[in-house]
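Below is one structure, written out as structure tokens; comments come after it.
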Amino acid sequence: MGSVSSEKTVTGYAAHDASGILTPFTYTLRQTGPEDVLIKVLYCGICHTDIHQTKNHLGMSKYPMVPGHEVVGEVVEVGSDVTRFHTGDTVGAGVIVGCCRTCEPCKANIEQYCSKRIWSYNDVYTDGKPTQGGFASAMVVDQKFVVKIPAGLAAEQVGPLLCAGLTVYSPLKHFGLMRSGLKGGILGLGGVGHMGVKIAKAMGHHVTVISSSDRKRTEAMEHLGADAYLVSSDEAAMGAAAEGLDYIIDTVPVFHPLEPYLPLLKVNGQIILMGVINQPMQFITPMIMLGRKSISGSFIGSMAETEEMLEFCEKKGLSSMIEIVKLDQINEAMERLERNDVRYRFVVDVAGSKQIA
């Protein structure tokens with residue numbers, strides 16, 4: 001099917017100011033170009049970044065804004081040059097929907113680090129129109145940034161994998177931490193953290209969950225399969241665990257000092273930052289120097305890694321733990337997410353919501 005001759009009117013849920021409250025919003029999608037895929041949105045996960053963006057925590061929000069970057073849907077139309085997808089395919093789209101394709105990161109197939117990346121929402125596309133996300137009936141996405149969903153994965157489960165799952169998988173691969181037998185720590189047990197436990201365990205790692213309280217111990221060890229659990233305020237337990245971890249995946253999306261966690265790392269160990277935080281981090285340099293430790297960051301993953309991660313999850317039987325809501329429950333879900341009242345990811349049943357049916 002080739003390009004269509006007109007834009008399409010769709011309905012989504014948009015924030016209109018920094019209150020972050022989402023209400024129905026009608027807008028138009030660009031026409032389906034030669035390289036584009038028109039996706040009917042079935043499900044879309046809710047990420048903590050959606051809160052940052054809708055409430056302008058980073059100072060860069062533009063309104064009206066339809067959030068949502070954990071999109072799973074059905075292909076309903078493809079452009080004339082699209083070869084990888086066909087109508088009826090179940091596909092996913094994530095955080096990035098465009099890149100320059102000429103810079104070093106793009107040529108190295110790590111397009112998520114392109115300085116001209118285009119976000120799936122709260123950005124401007126190449127045609128000058130604002131991008132809008134997956135809390136809507138449909139999206140048009142360049143085929144480069146669309147991935148086919150393996151048959152063995154349930155559509156409602158996949159959205160969080162496209163963000164939380166990929167965010168964990170990519171650094172483990174890049175830093176050579178996929179081999180069996182490693183000892184890893186997962187700091188924070190939310191949407192990203194719970195996938196960190198599952199993926200690390202599936203790679204054969206001994207996994208320690210590190211949390212600020214004891215209330216998630218049973219969930220971490222009995223439901224998710226963690227091997228150990230540390231409460232960061234328990235000085236004796238933290239001391240006994242010193243120099244025991246090869247890596248720590250830090251998923252906490254709010255300010256926190258790093259000093260309590262650096263002693264847990266072995267020599268050459270590293271802490272990998274994944275939470276979006278708009279305040280300076282805190283540590284003293286000898287804690288890094290005297291163990292040749294490192295602090296690094298990682299941002300989602302490439303499209304190639306997205307495909308690998310989905311295949312890995314299918315092979316290992318991994319899925320996210322979700323709570324499904326409708327669009328008319330989205331503001332309540334965002335409020336609950338902000339106070340960490342979800343186990344472990346909200347997924348919006350977009351297609352099943354009467355507001356856009």
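Everything numeric in this text was worked out from a predicted model, so none of it was measured. Hydrogens, waters and symmetry mates are skipped; everything else that's a heavy atom, side chains included, is used.
Within 6.0 Å of atom NZ in K148, more than 12 heavy atoms from other residues, nucleotides or ligands are found, so the atom counts as buried in its surroundings. By the neighbour-count criterion of 12 heavy atoms within 6.0 Å, atom NZ of K116 is sparsely surrounded, having that number or fewer from other residues, nucleotides or ligands. Around the NZ atom of K326, the shell of radius 6.0 Å holds more than 12 heavy atoms that belong to other residues, nucleotides or ligands. More than 12 non-hydrogen atoms from other residues, nucleotides or ligands lie less than 6.0 angstrom from CD1 of I51.
Using modelled atom types, one finds a donor on one side chain and an acceptor on the other under 3.5 Å when comparing D250 with H256. For the residue pair E7 / Q31, no side-chain donor-acceptor distance below 3.5 Å is found, with atom types taken as modelled.
Looking at K129, its side chain does come within 3.5 Å of a backbone N or O of T28 through a donor-acceptor pair. For the pair S170 (side chain) and L166 (backbone), a donor-acceptor distance under 3.5 Å is absent.
Looking at M238 and S233, their side chains never come closer than 4.5 Å, going by heavy atoms from C-beta outward.
With values rounded to the nearest 0.5 angstrom, I186 atom CD1 is found 8.0 Å from I210 atom CD1. Interatomic distance, SG of C44 versus CG of D50, reported as 7.0 Å (0.5 Å rounding).
The aromatic ring centres of F145 and W119 sit 6.0 Å or more apart.
The two residues L265 and Q270 come nearest to each other via the heavy atoms CD2-O, 3.6 Å.
Y125 carries R30 over the face of its six-membered ring, with the cationic atom under 6.0 Å from the centre and within 45° of the normal.
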